[in-house]
Number of protein chains: 2
Amino acid sequence: MPERKSRKDAVRNREAVLAAADALFARCGRPEDVTMADVAAAAGVGKGTLFRAFGDRAGLLRALYEARLEPIREAAEAGPPPLGPGTPPQQRATALLDAILCFKFDNRRLALALEESGSGSPYQAEHYAWWHGLLRAVLDQVPGLTDSDFTAHALLAATRADLVEHLAGHERVPRETARAQLANFTTRVLASGPARGSSAEDGPATTDRN
Amino acid sequence: MPERKSRKDAVRNREAVLAAADALFARCGRPEDVTMADVAAAAGVGKGTLFRAFGDRAGLLRALYEARLEPIREAAEAGPPPLGPGTPPQQRATALLDAILCFKFDNRRLALALEESGSGSPYQAEHYAWWHGLLRAVLDQVPGLTDSDFTAHALLAATRADLVEHLAGHERVPRETARAQLANFTTRVLASGPARGSSAEDGPATTDRN
DNA sequence: GAAGATACGGACCAGCGGTCCGCTTTTCAA
DNA sequence: TTGAAAAGCGGACCGCTGGTCCGTATCTTC
C-alpha cells in the first residue's frame, strides 16, 4: 500500500517540469540543445528539484514519453479493433505499426530525444521491449511467417524516430504518404501471396503537438 | 598537381591515431566512453594533433569508418556478382543487405559509435545516402515493387548498428542466424509471389576485428 | 504553533569536446 | 651545409554540460 503521498509543492513542480520540457522539446530543432538547466529555468524551478524528481536526463525523457504513449498502449492492449485484440493478425500488425508511426510522427522531437540521448541503446528501453513483445505475439499468429522475433525487430526499425524525422523533415514526405508506404511495406512482409495494395486506414487520433 | 604533400611526421601521426582509435573502439564496451583524450594518449600524440588531423570527433569516426567500408563499397560498385552490377535485382539487393549486415556485425562498435555520436542523424551521413541510392536503384528494377525509396530505407533500417548490436550482444543471435533471417526478410519484401525460403549464401569476407 | 520531515534551489564539481599559441621539426632554396 | 620560413606539435586552457550537495524554506502533523 504505502505509496506515501508526496508533498503538494512536489507534485506541482513535477507537473511544471513536465509541461516545460514538453514545450521546449516541441519547439527546439535539435533535442540535444535543450539543456536540463533550460528545462529547470522554463519551469521556474531549481536544477536540484528537477534531478530529484526524475533522477537524470533519461528519466525525464522517459517520463514524458511514457505519459504520451500510455493511451496508445492501452488501446493496443485492450482497446477496440483494429488496434486491440480480437483482430485478424495481419490487420492488427499493420494497425499497430501505423499507430507507432503516427505517434512518432506527432512526437518526433521527443521520440528523437529519447532514442538518441536515452542512456544507450533504444533497444534496452522498457517500452521497446513491450512493443516488440506484442508485435511478435501477433506475428506468431500470421500463417506461414517464420522468424517472428527478427521480423518484429525489422518492422519496428522502419518506424525509428530518426528515420521518421528524416522522411518528414528532410524529404518532406507527407504524413499520409508515409503511412501508406509503411502499410504497403508491412503487407508485403506479412503476405505470402501476391502483395495486395493497402492504403492507410483512418487512423489513430492525432495528438499533434510539435 | 596540387595535393600539396603532407609532412611525414603528420602522416605518421595520422596513422598512429587511426590505429589507436581502432583498437580502443574495438576493445571498449560502450563507444561513448572512449574519449578523444584517450585516443590521443593511446596514439602518443597531443589532443591538438588529433583535432588538427580530423577536425572533430565525428571526423575521426568517419575516417575510420570510410576506410573500413571502402572495399565493400568498391565490390558493390564494380565488383563481381552477386554484389556487383550485372546481377538480377532481387539477388543483388539481398547480397547488398547481407554485406552491410556482415560489415556492421564485424565492426559493431565502430558503426555504433558513428551512428550515435556522429553529429546528428545517421541519415545525413554521406555513406548512408550512397547505400540508399544504390539500393533504391536496384529495387527500382524489381518487378512489381513500388515505393522503392521508402522500401530501401526500411530494409536498411533492419541493419542499423544498434539493432545488430542488440541481436548479437544481448539476444546472442549467431551471425549466420541473423544473416539467414535478414535474407529471409528481404526475400519476403521483394517477392510478390509466395516467399521462397532463402538461406544466407556464402558471404563477404569477414574482417572481424571486434 | 512547534517540531520534524520533506523538498527547494543554485553554487558547485568533474569530465567532455574543442581551441590556442609558444615551441619543435621538417622542408627547401641558396 | 645551412638557415629561415613553413608546417605541425602538444598540453594548458576554455565553455558548457549533466549531475551533486547542503543550508534554507515549506509543508505536515499533533
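Order of the sequence lines fixes the chain letters, A, B, ..., with proteins taken first and strands second; residue numbering starts at 1 for each chain. From a predicted model like this one, the values you see are computed outputs, not experimental measurements.
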Take atom [atom1] of [X] and atom [atom2] of [N], then tell me their distance rounded to the nearest Å.
{"X": "Asp56(A)", "N": "dG18(D)", "atom1": "CG", "atom2": "P", "answer": "11 Å"}
{"X": "Glu32(A)", "N": "dG18(D)", "atom1": "CD", "atom2": "C1'", "answer": "15 Å"}
{"X": "Lys8(B)", "N": "dC28(C)", "atom1": "NZ", "atom2": "P", "answer": "11 Å"}
{"X": "Leu50(A)", "N": "dT17(D)", "atom1": "CG", "atom2": "P", "answer": "14 Å"}
{"X": "Leu61(A)", "N": "dG18(D)", "atom1": "CG", "atom2": "C1'", "answer": "13 Å"}
{"X": "Phe54(B)", "N": "dT19(C)", "atom1": "CZ", "atom2": "P", "answer": "15 Å"}

Determine yes or no for a side-chain-to-main-chain donor-acceptor pair under 3.5 angstrom, with Asn107(B) supplying the side chain and Leu110(B) the backbone. no
Assuming nearest nucleotide by heavy-atom distance, tell me which of Asp33(A) and Gly55(A) is located more 5' along DNA chain D. Asp33(A)
Does Lys104(B) come within less than 4.0 Å of Glu115(B), counting only side-chain N to carboxylate O? yes
Lys/Arg-Asp/Glu bridge criterion (N-O < 4.0 Å) met for Arg73(A), Glu70(A): no
Ignoring backbone atoms, test whether Thr35(A) places a side-chain nitrogen or oxygen under 4.0 Å from the OP1 or OP2 oxygen of dG18(D). yes
Tell me whether the side-chain N/O atoms of Asn13(B) come closer than 4.0 Å to OP1 or OP2 in dC9(D). yes
Of Arg57(B) and Val11(A), whose nearest nucleotide on DNA chain C comes first from the 5' end? Val11(A)
Sorted by position of nearest nucleotide on DNA chain C, 5' first, the leading residue of Arg52(B) and Ala37(B) is Ala37(B)
Looking for any heavy atom pair under 4.0 Å, which part of the strands does Thr49(B) touch: base, sugar-phosphate only, or nothing? base
Touch check for Arg7(B), heavy atoms < 4.0 angstrom, all strands: base, sugar-phosphate only, or nothing? base
Between Glu171(A) and His166(A), do the side chains contain an N or O donor and an N or O acceptor separated by less than 3.5 Å? yes
Candidates [options] - which lies nearest the side chain of [X]:
{"X": "Phe51(A)", "options": "dC8(C), dG18(C), dG19(D)", "result": "dG19(D)"}
{"X": "Lys47(A)", "options": "dT20(D), dG9(C), dC27(D)", "result": "dT20(D)"}
{"X": "Met36(A)", "options": "dG9(C), dG18(D), dC8(C)", "result": "dG18(D)"}

Note, Leu112(B) side chain near Arg108(B) side chain (heavy atom, < 4.5 Å): no
